[in-house]
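Taking it in order: structure first as structure tokens, then the write-up.
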Amino acid sequence: SIAAVASAVGTLCRAAQLGSSSGAVAALGGSHEALRGGDSGCKDKGEAVFLGQELTSLRLCFPQVEPHATIAEIKNLFTKTHPQWYPARQSLRLDPKGKSLKDEDVLQKLPVGTTATLYFRDLGAQISWVTVFLTEYAGPLFIYLLFYFRVPFIYGHKYDFTSSRHTVVHLACICHSFHYVKRLLETLFVHRFSHGTMPLRNIFKNCTYYWGFAAWMAYYINHPLYTPPTYGAQQVKLALAIFVICQLGNFSIHMALRDLRPAGSKTRKIPYPTKNPFTWLFLLVSCPNYTYEVGSWIGFAIMTQCLPVALFSLVGFTQMTIWAKGKHRSYLKEFRDYPPLRMPIIPFLL
Ligand SMILES: NC(=O)c1ccc[n+]([C@@H]2O[C@H](COP(=O)([O-])OP(=O)(O)OC[C@H]3O[C@@H](n4cnc5c(N)ncnc54)[C@H](OP(=O)(O)O)[C@@H]3O)[C@@H](O)[C@H]2O)c1
């Protein structure tokens with residue numbers, strides 16, 4: 001068996017001194033020899049030893065890490081000595097700048113000898129993905145409805161709980177609410193996430209984005225002085241068709257992605273078109289769910305002819321393009337037979 005010795009290098013210690021836990025890097029590694037060699041500083045197995053006057057170095061000794069131990073098990077060992085770094089907070093890597101090892105990776109299958117050196121990074125406080133998504137999506141749903149029902153202190157007393165005379169305003173409320181109810185239900189019943197958690201700080205950023213834009217859009221669309229789109233019913237019908245098609249497309253892709261991954265697993269496969277025509281976009285792009293998502297918001301922007309909606313679509317498109325490029329690159333790296341015709345998000349272009 002391999003006895004692993006963990007030592008944390010400078011950044012961890014600086015972070016500890018500052019009372020911050022981000023950006024910490026540590027090394028796990030060692031062997032019985034290293035332990036016996038006397039320079040490990042470990043008096044007892046499993047005990048953390050702080051070297052130097054200040055926290056300039058930290059070394060941990062784990063008893064008897066078996067070669068077939070998984071990264072998840074090593075994380076649990078690390079947590080035993082450092083409870084503040086619960087497993088979901090830890091990122092263990094073979095290279096300080098490399099990718100995080102997966103929980104299910106087995107020590108002896110990694111490119112390491114009898115001595116393994118792993119680097120640790122503190123990911124910060126974590127929150128479950130499901131909680132994040134529910135918070136992010138329930139917010140816009142609720143906020144939009146406050147404006148739709150014109151609750152007091154938004155548009156002035158005489159408009160309290162009044163209703164718009166424009167059909168498009170009611171239609172927009174149905175579309176907006178439908179979109180977020182769909183996302184909430186998909187989060188609960190469709191998506192099979194591979195990561196249980198994400199950094200807590202992201203929720204503040206994401207909620208500012210989703211909630212802020214929802215309020216801004218809803219304020220204008222439900223405003224008593226709102227003017228319907230220039231080309232009237234024709235424009236609204238065309239926009240509604242775009243919105244509905246894209247929502248169906250987005251849902252179809254989410255179902256196709258779900259079917260790639262057996263329940264409880266973290267399997268990743270190349271997604272291919274299925275019998276459902278909405279999934280045929282997989283022939284041309286890696287992330288058609290993002291393509292359809294952007295399409296939905298373009299439809300909503302045409303329907304309402306509202307500038308904040310156009311800006312929300314643009315910001316969403318920019319963010320999803322960045323993610324789609326990253327996912328596309330990962331597919332190319334991971335699968336040698338990845339279909340060459342695909343682009344990240346926009347067929348033939350982007
Ligand atoms: N309006 C906006 O600004 C905005 C921004 C982002 C997202 N969204 C919406 O939210 C939806 C979900 O976003 P997302 O970023 O989570 O989408 P995503 O990364 O495409 O993932 C959707 C689900 O499919 C899984 N998955 C993806 N590729 C897979 C593969 N090759 N094999 C097996 N499973 C795979 C993912 O698991 P993993 O946990 O492994 O990734 C996740 O559970 C989007 O489709 C979009 O409708 C909107």
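These values consider heavy atoms only, across backbone and side chains, with no hydrogens, waters or symmetry-generated copies. Atoms within each ligand, like the ligands themselves, are counted from 1 in listed order.
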Mark the output for Gln319 as yes if a heavy-atom distance to ligand 1 is under 4.0 Å, and as no if none is.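 So Gln319 does not count as touching ligand 1.
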
Test your reading of the structure: does Ser194 have an N or O sitting under 3.5 Å from an N or O of ligand 1?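 N/O-N/O distance under 3.5 Å: yes.
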
Using a 3.5 Å cut-off on N or O atoms only, is Trp323 in polar contact with ligand 1?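 No, Trp323 has no N/O under 3.5 Å of an N/O on ligand 1.
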
For residues Arg192 and Ala263, report the shortest heavy-atom separation together with the two atoms involved.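 Nearest heavy atoms, Arg192 then Ala263: NH1-N, 3.6 Å.
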
For ligand 1, note which part of [X] has a heavy atom under 4.0 Å away: side chain, backbone, both or neither.
X	result
Trp129	neither
Lys266	neither
Met320	side chain
His254	side chain
Tyr210	side chain

To which protein heavy atom is [atom] closest, and what is the distance rounded to 0.1 Å?
atom	result
atom 42 (C) of ligand 1	Phe193 CD2, 4.0 Å
atom 48 (C) of ligand 1	Arg183 NH2, 3.2 Å
atom 28 (N) of ligand 1	Tyr331 OH, 3.5 Å
atom 13 (O) of ligand 1	Tyr290 CE2, 4.1 Å
atom 3 (O) of ligand 1	Tyr209 OH, 3.0 Å
atom 20 (O) of ligand 1	Asn289 ND2, 2.9 Å
atom 23 (C) of ligand 1	His191 ND1, 3.6 Å
atom 46 (C) of ligand 1	Glu293 OE1, 3.1 Å

Looking at Phe312 versus Phe300, is the centre-to-centre ring distance below 6.0 Å?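 No; Phe300 has its ring centre 6.0 Å or more from that of Phe312.
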
Which of the ligand 1 atoms, numbered from 1, are nearer than 4.0 Å to a heavy atom of [X]:
X	answer
Arg192	37 (O), 43 (O)
Lys327	18 (P), 19 (O)
Lys269	30 (C), 31 (N), 32 (N)

If you measure from [atom] to every heavy atom of [options], which option wins on shortest distance?
atom	options	value
atom 21 (O) of ligand 1	Val294, Thr267, Leu257	Leu257
atom 34 (N) of ligand 1	Arg261, Arg268, Glu186	Arg261
atom 10 (O) of ligand 1	Tyr292, Phe133, Tyr137, Phe251	Tyr137

Could you go through His170 and Tyr148, starting from their C-alpha distance and side-chain angles, then the distance that decides it, and tell me whether this counts as side chain to side chain donor-acceptor pair (under 3.5 Å)? CA-CA 8 Å; His170 306 298; Tyr148 176 73; 2.6 Å; yes

After noting the C-alpha distance and the side-chain angles of Lys327 and Glu334, does the key distance pass the salt bridge (charged side-chain N to carboxylate O under 4.0 Å, His left out) rule? CA-CA 10 Å; Lys327 284 168 196 280; Glu334 204 174 335; over 6 Å; no

Exercise: do [X] and [Y] side chains pair donor with acceptor under 3.5 Å:
X	Y	value
Gln90	Thr79	yes
Glu104	Thr70	no
Thr230	Gln235	no

About how many Å separate [atom2] of [Y] and [atom1] of [X], when rounded to the nearest 0.5 Å?
X	Y	atom1	atom2	result
Ile345	Thr321	CD1	OG1	4.0 Å
Cys306	Asn222	SG	CG	9.5 Å
Lys325	Met343	NZ	CE	8.5 Å
Ile253	Leu281	CD1	CG	6.5 Å

With a 6.0 Å cut-off (strictly less than), is the heavy-atom count around OH of Tyr231, excluding the residue itself, greater than 12?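 No.
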
Lys/Arg-Asp/Glu bridge criterion (N-O < 4.0 Å) met for Asp103, Lys75: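 Yes.
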
